[in-house]
Amino acid sequence: MAPPAFLAPLGGVIDLLKGDRAGVAKLGAATTPGLVASFLIPGLLLVPAYSLLVSERFEALNLDPTIGEILVVEPIAYLIGWTLFPVLSHLYCERIGKTREWYDYVAAYNWSNILQMALYLPAALIAEGGMPVALMFVLSVGILAATVGIHFRLARMVLRVDALPAMVLVAIDLGGSVLLARLVERLYAN
């Protein structure tokens, strides 16, 4: 039986995080099917976790949307979320002369979302079970630092850029995520 299609790319991301650029070859972004897979496979694998986090967001924001609202807003938000950063990062990579490297970078970024969700989801489940506010704050800061670190490291390793361009990419991702979250909240508020 063949191993799941996500094991090699995840191994590539882990290699990159450990400082081994050979991990780029495991991402499969050199081929069109490999690049497409870096969007589709993580995107599909993360739908259940995303759904759980959405339900927790409704609870935290005291929202009670109808099923129709959810079926319209959430799939669109999810697709925008999967494409916003790749589009913005491509524009930035063109600007800094890293257009070719962007393909490997966005594949690494997409696959790393699985690792990042492996941090977010347990924290969300722990928080759901009840946790002192101070401990939740420390846990949240730690997870945010880890995800920023993952993204920063991948930008440095895959694109071979200095710290500042890597931080710009992290900021683009965080800013785009916050903007999208606020837009979705506004859609439910109206």
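Nothing fancy with the numbering, it's 1 onward along the sequence.
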Checklist entry - Do the side chains of M136 and V133 get nearer than 4.5 Å, heavy atoms only? => result no
Item to check | CA sep, side-chain torsions, deciding dist, call: F152, R156, side-chain contact (heavy atoms from CB on, under 4.5 Å) | outcome: CA-CA 6 Å; F152 178 79; R156 295 286 314 265; 3.9 Å; yes
Can you get from [X] to [Y] by hopping between Ile, Leu, Val, Met, Phe, Trp and Tyr side chains that sit under 4.5 Å apart?
| X | Y | value |
| --- | --- | --- |
| L63 | L187 | yes |
| L115 | L125 | yes |
| V148 | L119 | no |
| V72 | V47 | yes |
| L121 | L135 | yes |

Can you name the side chain to side chain contact (heavy atoms under 4.5 Å, CB included) partners of [X], sequence neighbours left out?
| X | value |
| --- | --- |
| I80 | I76, L84, L180 |
| T99 | H90, E94 |
| D15 | K18, D20, K26 |

Checklist outcome for this item: side chain to side chain contact (heavy atoms under 4.5 Å, CB included) test vs M117 passes for just one of L45, L53, T147, namely L53
Item to check | W82 and N110: CA distance, side-chain angles, deciding distance, side-chain contact (heavy atoms from CB on, under 4.5 Å) verdict | outcome: CA-CA 8 Å; W82 266 103; N110 288 342; 3.4 Å; yes
What distance do [X] atom [atom1] and [Y] atom [atom2] have between them, rounded to the nearest 0.5 Å?
| X | Y | atom1 | atom2 | result |
| --- | --- | --- | --- | --- |
| Y188 | F58 | OH | CZ | 3.5 Å |
| T83 | Y78 | OG1 | OH | 11.5 Å |
| I126 | L139 | CD1 | CG | 6.0 Å |
| R100 | C93 | CZ | SG | 11.5 Å |
| L17 | S112 | CG | OG | 7.5 Å |

Checklist entry - Okay, side chain of T31, backbone of G34: is any donor-acceptor separation there less than 3.5 Å? => result yes
Next on the checklist: Test your reading of the model: is there a side-chain donor-acceptor pair from E69 to the backbone of T66, 3.5 Å cut-off?
Outcome noted: yes
Item to check | Check against side-chain contact (heavy atoms from CB on, under 4.5 Å), R57 and V184 | outcome: CA-CA 11 Å; R57 185 179 74 223; V184 169; 3.5 Å; yes
Checklist entry - Are there more than 12 heavy atoms of other residues, nucleotides or ligands under 6.0 Å from atom OH of Y50? => result yes
Checklist entry - More than 12 non-hydrogen atoms from neighbouring residues, nucleotides or ligands closer than 6.0 Å to CZ on R95, yes or no? => result no
Checklist outcome for this item: Residues passing the ring pair (Phe, Tyr, Trp, His ring centres under 6.0 Å) test with F39, sequence neighbours excluded, are none
Checklist entry - Under the ring pair (Phe, Tyr, Trp, His ring centres under 6.0 Å) test, which residues partner Y120, sequence neighbours left out? => result none
Give the minimum heavy-atom separation between [X] and [Y], together with the two atoms involved.
| X | Y | answer |
| --- | --- | --- |
| L35 | V106 | CD1-CG1, 3.8 Å |
| L16 | L27 | CD1-CD1, 4.0 Å |
| E56 | A124 | OE1-CB, 3.3 Å |
| A37 | W111 | O-CZ2, 3.8 Å |
| Y105 | A155 | CE1-CA, 3.6 Å |
| A108 | V13 | O-CG2, 3.7 Å |

Listing, residues 160-176 side-chain donor-acceptor contacts under 3.5 Å, not counting sequence neighbours, or none:
from : atom 1 : to   : atom 2 : distance (Å)
D173 : OD1    : Y109 : OH     : 2.8
D173 : OD2    : Y109 : OH     : 3.4
D173 : OD2    : H151 : ND1    : 3.3

Item to check | Step-by-step side-chain contact (heavy atoms from CB on, under 4.5 Å) determination, V141 to L144 | outcome: CA-CA 5 Å; V141 169; L144 179 61; 5.7 Å; no
Checklist entry - Would S55 and E59 count as having a side-chain donor-acceptor pair, cut-off 3.5 Å? => result no
